[in-house]
Amino acid sequence: MIVATVTGNFWATKKCETLRGQIFLEVVFDGHRAVAADYVGAGIGDRVLVAMGSAARAGNEALPCDAAIVAILDEKP
Amino acid sequence: MIVATVTGNFWATKKCETLRGQIFLEVVFDGHRAVAADYVGAGIGDRVLVAMGSAARAGNEALPCDAAIVAILDEKP
Amino acid sequence: MIVATVTGNFWATKKCETLRGQIFLEVVFDGHRAVAADYVGAGIGDRVLVAMGSAARAGNEALPCDAAIVAILDEKP
Amino acid sequence: MIVATVTGNFWATKKCETLRGQIFLEVVFDGHRAVAADYVGAGIGDRVLVAMGSAARAGNEALPCDAAIVAILDEKP
Amino acid sequence: MIVATVTGNFWATKKCETLRGQIFLEVVFDGHRAVAADYVGAGIGDRVLVAMGSAARAGNEALPCDAAIVAILDEKP
């Protein structure tokens, strides 16, 4: 996984049926930008772990999704 | 997923049988170019979400396809 | 998928049993070089679509192959 | 797999249920940084082998994990 | 697949149980270094084909391995 920061969200009215209801967030890491499904209720500014590739489907093989937020890192005290 | 822009299309008479009937579009992102299956009816100029890797098969394991357009981003008002 | 040009072929007497009989071709794209299984009868000089990753197995899970030529692009008239 | 060095750990209270109980470590290789599940009891400073992609699930398809420490390299005598 | 040269080997006493007995070799390609399972009896100095990603498991889903030597290229006469 990579550590990324949530920086925005996306709206897409027209999408694959299997993605309906899924929230997608923009994440930034090392100067790169990607769009990840949010599985943990992350918000803008959160530092998160993003799983890439088939891991992002979490066992749902029909889901056309290749990046997912799977954890929110605890803030350092 | 990555945000890309649709820039063209491709014709290939000779292809794997499992790809027959599938529309493929050229997408450009961050200076890179790829060819993606279109699952949502995208057109040239659309800003789209592209899923890479096994996600692009959307559960159809026999499909030799590694990139797919899975959503069209709404235009900003 | 990526657009690549077929530039050569490979001989390997010693290989995994599951690869026996499979033709492999050298493909070049964006200055990179890879070796892809040929599923469509491509020849040197052809512009082809190459599928990377698990898509290259086309549903044959036991095949240790991560790149495949899945279409030959039509020549522009 | 890649050879990496373990450099730290992560705490995430909020995460996917399937990741609960799994230890994650920071690994560094060739100037890159990633977060990997630890399957072998690695510690900070260890030189380890990291498997990327679907290999990191080790057969557990529902695990949203794309990097795992699968071996600790023996120290050179 | 990529063409790589075998440059070394690795010892890891502590590893995932499913990797026990598997030989791992260091391979170098285009200035990069990786560690690959050897399925064909390659030796140091051999030019080999390396399959990356899920292809490296050759159908054994539980194997936490993401790179494998699947062929030894014939020497040019």
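This is a predicted model, so every value here is computed, not measured. The sequence lines fix the lettering, A, B, ..., with proteins before strands; numbering per chain opens at 1. Hydrogens, waters and symmetry mates play no part in the numbers below; they use all other heavy atoms, side chains included.
Between chain A and the options B:D30, B:I2, B:I72, heavy-atom pairs under 4.5 Å are most frequent for B:I72. Comparing B:A51, B:A55, B:A71, B:A68 by heavy-atom pairs within less than 4.5 Å of chain A, the highest count is held by B:A55.
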Kindly indicate, with the supporting measurements, whether the criterion side chain to side chain contact (heavy atoms under 4.5 Å, CB included) is fulfilled by A:E61 and B:E61.
CA-CA 9 Å; A:E61 280 308 297; B:E61 280 308 297; 3.9 Å; yes
Where do B:L73 and A:F10 land on the side chain to side chain contact (heavy atoms under 4.5 Å, CB included) test, with the steps shown first?
CA-CA 7 Å; B:L73 295 182; A:F10 283 93; 3.7 Å; yes
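Only the side chain of A:L19 comes within less than 4.5 Å of a heavy atom in chain B; its backbone stays farther off. When heavy atoms are compared at a cutoff of 4.5 Å, A:S54 approaches chain B by way of both its backbone and its side chain. Looking at B:L49, the atoms closer than 4.5 Å to chain A (heavy atoms on both sides) all sit in the side chain, from C-beta outward. B:V50 touches chain A through its backbone: at least one of N, CA, C or O sits under 4.5 Å from a heavy atom, while the side chain does not. Proximity to chain A (any heavy atom under 4.5 Å) is shown, for B:A56, by neither the backbone nor the side chain.
In plain terms, the two heavy atoms of A:C65 and B:M1 that are nearest each other are CA-SD, 3.6 Å.
Within 6.0 Å of CD1 in B:I44 there are more than 12 heavy atoms belonging to other residues, nucleotides or ligands.
Side-chain N or O atoms of B:D74 include one that pairs as donor or acceptor with a backbone N or O of A:T13 at under 3.5 Å. A:D66 contributes a side-chain N or O that, together with a main-chain N or O of B:M52, makes up a donor-acceptor pair within less than 3.5 Å.
Taking 4.5 Å as the limit, some side-chain heavy atom of B:V3 sits within range of a side-chain heavy atom of A:R33.
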